Amino acid sequence: MPPVSNPSEGDTRYDKDFQRLESFSRSLKQKWRISVAELAFILSFALNFAIGKLLHLYSDQSEVYNYYNDKNNIFNQYFVKKGWAWTTMVIIFFYAVVVSRRKNEPSQRVLITAIARYFAATLWWALFTQWCFGLPIMDRVFVYTGGRCVVPDGKHWAHLFEEIDGMFHSHKVSSFACRSLRGSWEGGHDPSGHVFLLVHSSLYLFFEIKPYWRGWSQFRRNIERLRGPNFPAKLVDTLNTTPQVAAIILMALWWFMLLMTNMYFHSIAEKLVGLLFGYAAIGVVYILPRWL
Ligand SMILES: CCCCCCCCCCCCCCCC(=O)SCCNC(=O)CCNC(=O)[C@H](O)C(C)(C)COP(=O)(O)OP(=O)(O)OC[C@H]1O[C@@H](n2cnc3c(N)ncnc32)[C@H](O)[C@@H]1OP(=O)(O)O
């Protein structure tokens, strides 16, 4: 029979651990102005990176190269590749519910600050992945480090391409345009757009929904209400009382897709650069103001 521990001894140990955790949480808040939950979520992307690498190294090849890291998989093509549109839809839905539930309180201030933060996050996403006074930042990093778009036939775009050894090279077209021309993106350091987008979007959603979070037990109660008949009506009801559910589902998908990217695509350095750019704007928008 296993030894039975004295319950009061267990309680004391539990109390001590709890006190330690509380004092860690206090000092984290005082020194770094972030909570344990925020730190855990921020670090979860580094953990994702480590798990992806370990799976890549130690799993069976058939598990590493699976449906979810095929470029044409549904989640990549319809979700990640349109990732900011999904994030936008979820946040609009979230604030629509929040505002509709604040019956007697004015919502103007809440909305104005939420819209300002949304535009700041959108601006950073656009500058990094779409356009930054010409090439987006991720493509600029690539061409500044010696990268080129190489196509077999670039005669029609002579002002953009230079012919070298029968192939056409350009450092003026974006990765998106290069892909459309069926060219290859060669040389240079190519920061991972996927890592950036998935981290940036998850952190943005996390920091937006966090002030409205009522704890896991409330969340569990609302989810448990989904059981039984008439699921669609109950789902609508749950989304109305707990709009965080929509954001959490999207964040779970982003975490999973990030794991696939970490398992299969890009070099370690390229993923780390994507991760740092993903952290950057969120740090400026949500954490930096706490020091002002
Ligand atoms: C309160 C709030 C109020 C709000 C009030 C709003 C008011 C309303 C105003 C509206 C204001 C407008 C706001 C804009 C509204 C939008 O949001 S509309 C815009 C919609 N567009 C999007 O969302 C686009 C999102 N996509 C992107 O940003 C870029 O495509 C990406 C994903 C960053 C590009 O990354 P990339 O260069 O493909 O990434 P990279 O990691 O380098 O990948 C390399 C390769 O590996 C593959 N790969 C990497 N990881 C994976 C993986 N996990 N699985 C499979 N393949 C993978 C990639 O597919 C890629 O392959 P190729 O496609 O090149 O063959």
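For clarity, every value in this text was computed on a predicted model and none was experimentally measured. Indexing begins at 1, ligand by ligand and atom by atom, following the structure's order.
- Among protein heavy atoms, the minimum distance from atom 24 (C) of ligand 1 is reached at Lys81 O, 3.2 Å.
- For OH of Tyr67, the number of neighbouring non-hydrogen atoms (other residues, nucleotides, ligands) closer than 6.0 Å is greater than 12.
- For Trp131 and Phe176, the gap between ring centers reaches or exceeds 6.0 Å.
- Near Ala85, the atoms of ligand 1 lying under 4.0 angstrom from a non-hydrogen atom of the residue are 17 (O), 20 (C), 23 (O).
- Of all protein heavy atoms, the one closest to atom 54 (N) of ligand 1 is Tyr68 O, 3.4 Å.
- Ligand 1 places these atoms under 4.0 Å from at least one heavy atom of Met138: 37 (O).
- Those atoms of ligand 1 with a heavy atom of Gly83 less than 4.0 angstrom away are 23 (O), 25 (C).
- In terms of N/O distances under 3.5 Å, ligand 1 is not approached by Thr122.
- Ring geometry, Trp213 versus Phe219: the interplanar angle falls from 30° to 60°, so the pair is classed tilted.
- Counting heavy atoms under 4.0 Å from ligand 1, residue Asn73 touches it through the side chain alone.
- The part of Gln130 lying near ligand 1 is the side chain, judged by heavy-atom distances below 4.0 Å.
- Few gaps surround CZ on Phe207; more than 12 heavy atoms of other groups in view lie less than 6.0 Å from it.
- The shortest N or O to N or O distance between Val195 and ligand 1 is not below 3.5 Å.
- Listed by number with element, the atoms of ligand 1 under 4.0 Å from a non-hydrogen atom of Met260 are 53 (N).
- Between Tyr204 and Tyr286, the ring planes are tilted. Angles from 30° to 60° get that label.
- Checked against a 3.5 angstrom limit, the closest N/O atoms of Ser192 and ligand 1 fall inside it.
- With a heavy-atom cut-off of 4.0 Å, Thr129 touches ligand 1 through its side chain alone.
- Separation of atoms CD (Glu270) and OG (Ser192) is listed at 8.0 Å; rounding is to 0.5 Å.
- No more than 12 heavy-atom neighbours from other residues, nucleotides or ligands sit within 6.0 angstrom of CD on Gln108.
- Residue contacts with ligand 1 for Trp125 involve side-chain atoms from C-beta outward but no N, CA, C or O (heavy atoms, distance under 4.0 Å).
- Heavy atoms of Tyr95 found under 4.0 angstrom from ligand 1 belong exclusively to the side chain.
- Here Asp237 does not pair with Lys234 in a salt bridge; the nearest charged N to carboxylate O distance is not below 4.0 Å.
- Summary of contacts: the protein heavy atom closest to atom 39 (O) of ligand 1 is His194 ND1, 3.0 Å.
- Centroid-to-centroid, the aromatic rings of Phe256 and Trp254 stay 6.0 Å apart or farther.
- Within the set Lys82, Lys71, His266, the minimum heavy-atom distance to atom 22 (C) of ligand 1 is found for Lys82.
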